[in-house]
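All values below were derived from every heavy atom in this structure, side-chain atoms included, with hydrogens, water molecules and symmetry-related copies excluded.
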Amino acid sequence: LFMVDPTIGRVESVSPASTSITSAIDVPPGSEVAYGGDVLAIVSPEGQLWVVPAVGDLQFSSTNPPLVELGEAGHAVVTRDGVVLAVAPEEGVRYRIESLVDLPETGEFPQVGEFQLAAVGDRAVALDESTNRLVIDGGPTVELGEHVGLRLQQTGPAAAFAVVATGGALLRVALDSGEITVIDAEV
């Protein structure tokens with residue numbers, strides 16, 4: 001269990017049994033921190049990506065060179081199995097880091113504006129807020145049309161679809177075909 005205070009740049013490991021802090025690290029203030037498997041991904045506001053073990057005593061220093069430079073608009077998520085998926089939007093590149101000992105694999109990713117990133121299983125999915133499109137790694141780019149996407153689902157297990165919340169519905173978007181199923185909130 002981790003507590004993150006992005007304002008001061010602090011990540012604390014908390015024992016669920018005693019609710020006491022077992023270790024802590026300082027990260028650049030404003031960093032995004034993602035957790036999955038036994039891995040933490042840290043993305044600084046400048047887009048520097050570090051990947052560190054999330055077991056035992058946490059250890060990190062921002063003076064160490066980052067694993068990848070994503071750019072200021074970059075984001076990273078970690079799958080349940082600990083695979084890091086990161087997007088450098090200005091370069092149109094998706095990075096995949098299988099484990100702490102593997103070098104990043106790169107792949108093409110459509111250029112996006114301001115976006116939210118999640119993993120559905122081991123696939124990266126991005127909600128491009130600037131164009132109202134859902135970009136599916138290895139799949140279609142889906143125009144959401146009249147349904148303005150507000151929030152992309154959280155990272156989760158493998159599924160045949162991704163979920164996007166709108167002001168009055170949930171959209172189930174098929175990862176392979178891009179077909180949209182609208183689930184009305186009836187409010």
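- When the salt bridge (Lys or Arg N to Asp or Glu O under 4.0 Å) test is applied to R10, the partners found at least two apart in sequence or on another chain are E12, D26.
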After noting the C-alpha distance and the side-chain angles of S44 and S31, does the key distance pass the side-chain hydrogen bond (donor to acceptor under 3.5 Å, both in side chains) rule? CA-CA 4 Å; S44 74; S31 292; 5.5 Å; no

Return a table of donor-acceptor pairs under 3.5 angstrom between the side chains of residues 84-96 and protein atoms on other chains or two or more places apart.
unit_1 : atom_1 : unit_2 : atom_2 : d
R94    : NE     : D137   : OD2    : 2.8
R96    : NE     : E98    : OE2    : 2.5
R96    : NH1    : D122   : O      : 3.1
R96    : NH2    : E98    : OE2    : 3.2
R96    : NH2    : D122   : OD2    : 3.4

D81 vs T79, side-chain hydrogen bond (donor to acceptor under 3.5 Å, both in side chains): CA-CA, chis, key distance, verdict: CA-CA 5 Å; D81 295 329; T79 70; 5.0 Å; no

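- Residues passing the ring-ring contact (aromatic ring centres under 6.0 Å, His included) test with F115 are H75, sequence neighbours excluded.
- Between the S13 side chain and the T22 main chain, no donor and acceptor come within less than 3.5 Å of each other.
- With side-chain heavy atoms closer than 4.5 Å counting as contact, directly or through intermediates, L103 stands alone and belongs to no larger hydrophobic cluster.
- Identified under the side-chain hydrogen bond (donor to acceptor under 3.5 Å, both in side chains) test for residues 106-120, with sequence neighbours left out: Q116-E129, Q116-R151.
- Grouped with V120 in one hydrophobic cluster are V125, L127, L134, I136, V142, L144, L152, V164, L171, V173, L175, I180, V182, the linkage being side-chain heavy-atom contacts under 4.5 Å among Ile, Leu, Val, Met, Phe, Trp and Tyr residues.
- The minimum heavy-atom distance between L150 and G167, with the atom names listed, is CD1-N, 3.5 Å.
- Listed by first and then second residue, the side-chain hydrogen bond (donor to acceptor under 3.5 Å, both in side chains) pairs that reach into residues 155-172 come to none, sequence neighbours excluded.
- Taking Ile, Leu, Val, Met, Phe, Trp and Tyr as members and joining any whose side-chain heavy atoms lie under 4.5 Å apart, directly or through other members, the hydrophobic cluster of Y35 also contains F2, V4, V11, I25, V27, V33, L40, I42, W50, V52, L58, F60.
- At least one side-chain heavy atom of P104 sits under 4.5 Å from a side-chain heavy atom of L67.
- Atom OG in S62 sits 8.0 Å away from atom CD in Q48 (nearest 0.5 Å).
- Under 3.5 Å, the side chains of S61 and N64 contain no donor-acceptor pair of N or O atoms.
- Listed by first then second residue, pairs satisfying ring-ring contact (aromatic ring centres under 6.0 Å, His included) with a partner in residues 135-165 number zero, not counting sequence neighbours.
- Hydrophobic clustering, with ILVMFWY side chains joined whenever heavy atoms are under 4.5 angstrom apart, keeps V77 apart from L70.
- Among all heavy-atom pairs drawn from A41 and V78, the shortest one is CB-CG2, 3.6 Å.
- Here CG of L49 is found 9.5 Å from CD of E69. Values are rounded to the nearest 0.5 Å.
- Residue pairs meeting the side-chain hydrogen bond (donor to acceptor under 3.5 Å, both in side chains) criterion with at least one partner in residues 175-187, sequence neighbours excluded, are R123-D176.
- Applying the salt bridge (Lys or Arg N to Asp or Glu O under 4.0 Å) test to residues at least two apart or on different chains, none of the pairs has a partner in residues 54-63.
- Judged by distance alone, with hydrogens and angles left aside, the side-chain atoms of D128 form a donor-acceptor pair with the main-chain N or O of G113 at under 3.5 Å.
- Take S18 and apply the side-chain contact (heavy atoms from CB on, under 4.5 Å) test, not counting sequence neighbours, and it matches S15, S20.
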